[in-house]
Amino acid sequence: MTSLHSGHPLAAGRTAGSRLVRSYQGERQEVTPVWFMRQAGRSLPEYRELRVGTRMLDACLDPAMASEITLQPVRRHGVDAGIFFSDIVVPLKLAGVAVEIQPGKGPVFEHAVRTADDVSRLEETDPASLGDDTFAAIAEAVRLTTAELGDTPLIGFAGAPFTLAAYLVEGGPSKDHIRARTLMHADPEAWARLMAWTADVSGAFLRAQVLAGASAAQLFDSWAGSLSLADYAEHVAPASARALSHVRDLTYEVAEAPGAGGSEAAEAGEPDTRNVPLVHFGVGTGELLKAMHDVGADAVGVDYRIPLDEASRRLGHVVPVQGNVDPAMLDAPWPVLEAHVRDVLRRGLEAPAHVLNLGHGVPPETDPTVLTRVVELVHAWRAA
Ligand code: CP3
């Protein structure tokens, strides 16, 4: 176990009692916390304005710009967390992989990784050599952001090895990630090396964010839903566990705060040591929820395809859930959206705790005033 430094927002007590952190730790809050995947980005005019003339990955590596973009949706919507503005391919770029993000398309790689030799070329960069200097711009952006956020937690994130491999093997976005799924069977040894390398690069990125001040971390395995449970368990889950192991050891102590929401352990005078909460999310992963929890996550993100009460049942009713408003509903008339959000909140009661989110990212054409209204609705809602 490794203690976070005393100035870290969790260790210093600024975010340890927040609705978000407590919900991820399975403690139901009177007010359900809410944030949105892709809350920073093209749905916000202030984002579009700031990004003019700057390429996506350059914006991610400019600490002042990345920090400002992270803060924009927190100021505007009053959400319960910031999600660090970056991208899942940023650590690959920092590890020397030639990649760019094409607007409207996504990550595109100069060289696809298709063979054992291609994997060996990646391995010429030893992930263990990616030190503080590699992630200096990331750590600086996190520090600037958490200084502004005060007692609102920042969520760090990284891409899971399979989702990154789905891009690397294809060389860009693909529909069913078929080349990646072929490689895992055609050359399981090369596949395992690719997954281990990606896990360590992504894990180092995640660790840099948490050490610099993130109060929670989310692993995005967006495309894991294209896998069977058997393939996921055999060829993917070990690498996702490996990615999370880079932050699993990070702990802090909840300070004694008599009467002011101090934990039971703290009130009993015992040290209350907790780990930084870890969330695991994928799209179309209804069949994988249990396996995704088992890799070492504290909470599981659920997309909009299965209701939260069913997701909680599949998780044995012991795992905090995050989700799962259908992004398509954001453009529906308010009464339709409101009824849907209330339904999600009611179903979320089946889990020990619930963080409201979308089932996937905010569509770029979303009217941002609708998101603010959803936040107000969620914050005003109480379990009957
Ligand atoms: O607010 C947030 O959620 C934080 C920022 C964030 C971005 N990417 C910024 C971004 C996060 C968490 C990601 C993760 C990410 N990136 C994932 C996992 C989450 C998911 O959506 O499933 C994936 C699969 C990627 C890869 C990626 N990067 C895609 C598919 C795209 C979209 C391409 C497009 O233009 O539609 C990107 C680019 C990207 N990442 C944008 C943003 C704000 C758009 C870039 C722009 O504004 O031009």
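Indexing begins at 1, ligand by ligand and atom by atom, following the structure's order.
- Contact of the Ile88 side chain with the Phe157 side chain is registered, since non-hydrogen atoms from C-beta on lie closer than 4.5 Å.
- Set against the non-hydrogen atoms of Ile101, the atoms of ligand 1 under 4.0 Å away are 38 (C).
- Arg193 and Glu123 are joined by a salt bridge, as a carboxylate oxygen and a charged side-chain nitrogen come within less than 4.0 angstrom of each other.
- The ligand atoms of ligand 1 that sit less than 4.0 angstrom from a heavy atom of His360 are 20 (C), 21 (O), 22 (O).
- Residues Arg76 and Glu46 are paired through a salt bridge, judged by an N-O separation under 4.0 Å between the basic side chain and the carboxylate.
- Assignment of Phe281 to the shell around ligand 1 is not supported, since no heavy atom sits closer than 4.0 Å.
- The side chain of Pro107, and not its backbone, has at least one atom closer than 4.0 Å to an atom of ligand 1 (non-hydrogen atoms only; side chain from C-beta on).
- Within the 4.5 Å cutoff, the side chain of Met184 has heavy atoms near those of the Phe162 side chain.
- When non-hydrogen atoms are compared, ligand 1 lies under 4.0 Å from the backbone of Met37 (N, CA, C, O) but not from its side chain.
- In terms of N/O distances under 3.5 Å, ligand 1 is approached by Arg38.
- Within the 4.0 Å heavy-atom criterion, the part of Phe84 lying near ligand 1 is the backbone and not the side chain.
- Of all heavy-atom pairs between Phe109 and Gly172, the closest is CD1-N, 4.3 Å.
- Residue Phe85 has at least one heavy-atom neighbour below 4.0 Å for each of these atoms of ligand 1: 43 (C).
- Scanning both residues, Leu4 and Tyr252, for their nearest heavy atoms gives CD1-CB, 4.1 Å.
- Looking at Arg373 and Glu376, no side-chain N of the basic residue comes within less than 4.0 Å of a carboxylate O on the acidic one, giving no salt bridge.
- Near Ser86, meaning under 4.0 Å from any of its heavy atoms, are these atoms of ligand 1: 5 (C), 6 (C), 7 (C), 8 (N), 9 (C).
- For ligand 1, the atoms closer than 4.0 angstrom to any heavy atom of Pro103 are 35 (O).
- Proximity to Phe220 (heavy-atom distance under 4.0 Å) selects the following atoms of ligand 1: 12 (C), 18 (C), 19 (C).
- Across all non-hydrogen atoms, the minimal contact from Pro161 to Ser240 is CD-OG, 3.9 Å.
- Here atom 34 (C) of ligand 1 lies nearest to Arg42 when heavy atoms of Gln102, Gln39, Arg42 are compared.
- By the 3.5 Å distance cut-off applied to N or O atoms, Trp223 is not counted among the residues near ligand 1.
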